[in-house]
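Below is one structure, written out as structure tokens; the observations come after it.
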Amino acid sequence: MTINIECVILRHLQMELKSPFTTSFGTFQTKEFILVEAVDRDGVSGWGESVAFSAPWYSEETVKTNWHMLEDFLVPLALAEPIHHPNELSKRFSAIRQNNMAKAALEGAVWDLYAKRLGVPLYQALGGAKKDIEVGVSIGIQPTVDDLLQVIERYVDKGYRRIKVKIKPGWDVDIIREVRRAFPDVPLMADANSAYTLADRERLKALDEFGLMMIEQPLAADDLVDHARLQPLLETPICLDESIRSYDDARKALDLGSCRIINIKIGRVGGLCEAKRIHDLCAERSVPVWCGGMLEAGVGRAHNIAITTLENFALPGDTAASSRYWERDIIVPEVEVHRGLIRVPDAPGIGYEVDRRQVERYTQFVKVFHRPPTA
Ligand code: OSB
Ligand code: MG
């Protein structure tokens, strides 16, 4: 098949979160992001969503650096020649260093377009087979322990398959102890977003007694070596998030013993193609993976659902219902969770309609890029 992209439309959107989301590195109240629409010669649209945040807290990428990369480098590369398979695009993009979230947003739009042209759901185009996916929920740092317990109860009652609690020094062992006391059997994990160093090993070791499924990214994003030192000291499996930006990072982490589980975020690793390669590597090595979240709106959520249908996404991910963050999402239907499961949609492409009225409502500016006459 040949995909001839006629134009790429970049939109800058801003949406208010229903309630603030706090991690060890900062608080989110509004979400700005770039929505990518790739339109082919027959007027079929594919959609991608950049997961970069406003500020470089989680990684060095921001909404503005993504816009710059897309406008000046990636969109021109995508428009320069026809594309025969989305995998080709990630090869084309390898000429540009890093900037994975920008690459993933555009590659995602092309994957959606590709699947729509084939007339198959995106998850099938990726080789996934699950009809339902299991999901958990990530809970930010709360003002008090009572607030935290109340929020957890709400999601446990809704049937979410595991609870992830954000931790940081001073909001860790005592808090997890309280959560365990209130919910002795709930599948539970903690995410530190790099808030610790090896000097905190005793504190991290103290979490072992709570039977956590894993502790996510305790140490620095660029430190596979220290994670490899820490893992043998803990009974709790380490899961890496920020540290894994590519297939090679995953290979090195597994070779070093830096983790026993990997959180795959499509944006962080540069797209669906790389995400699938990491999934396959982990499957070969019997290392389970799960799909992380970046407070996505509907398009990003739909991509997460599609990749999670691959078999070795063996643990519940962070893709919660649209209503967990949004008054009104940008897709129809919205993502719904029943008894901790999301039914995977079977319509072609991402399987959800983009609600153009809502998109317009949230859009702050738009730029259209046309195919050059020579392509
Ligand atoms: O580390 O997984 C993370 C949110 C923002 C930045 C980083 C992370 C998160 C989450 C929320 O944990 C996941 C979600 O609900 O989208
Ligand atoms: Mg994380």
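Just follow the structure's listing: the first ligand is 1, and inside any ligand the first atom is 1. We're numbering straight along the sequence, starting at 1.
Side-chain heavy atoms closer than 4.5 Å link hydrophobic residues (I, L, V, M, F, W, Y) into clusters, and following such links, possibly through other members, connects L148 to F28.
Heavy atoms of R324 stay at 4.0 angstrom or farther from ligand 1.
Annotation: cation-pi pair R180/F210 absent, no NZ/CZ under 6.0 Å from the ring centroid and within 45° of its normal.
Distances under 2.8 Å from the Mg ion (ligand 2) pick out the protein N/O/S atoms D191 OD2, E216 OE2, D241 OD2.
For atom 4 (C) of ligand 1, the closest non-hydrogen atom on the protein side is F21 CE2, 3.6 Å. Scanning the protein heavy atoms around atom 1 (O) of ligand 1, the nearest turns out to be N193 ND2, 2.7 Å. Remark: minimum distance from atom 8 (C) of ligand 1 to any protein heavy atom is reached at K166 NZ, 3.3 Å. Nearest protein neighbour of atom 16 (O) of ligand 1, counting heavy atoms only, is L295 N, 2.8 Å. Nearest non-hydrogen protein atom to atom 5 (C) of ligand 1 is F53 CZ, 3.6 Å. The shortest contact between atom 15 (O) of ligand 1 and any protein heavy atom is with Y325 OH, 2.6 Å.
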Considering only distance and modelled atom types, tabulate donor-acceptor pairs under 3.5 Å from the side chains of residues 294-307, sequence neighbours left out.
| residue | atom | partner | partner atom | Å |
| --- | --- | --- | --- | --- |
| E296 | OE1 | M294 | N | 2.8 |
| E296 | OE2 | M294 | N | 3.2 |
| E296 | OE2 | N304 | ND2 | 3.1 |
| R301 | NE | E296 | O | 2.8 |
| R301 | NH1 | A320 | O | 2.8 |
| R301 | NH2 | E296 | O | 2.7 |
| H303 | NE2 | W47 | O | 2.8 |

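In this structure, the side chain of E37 does not engage the main chain of V8 through any donor-acceptor pair within 3.5 Å.
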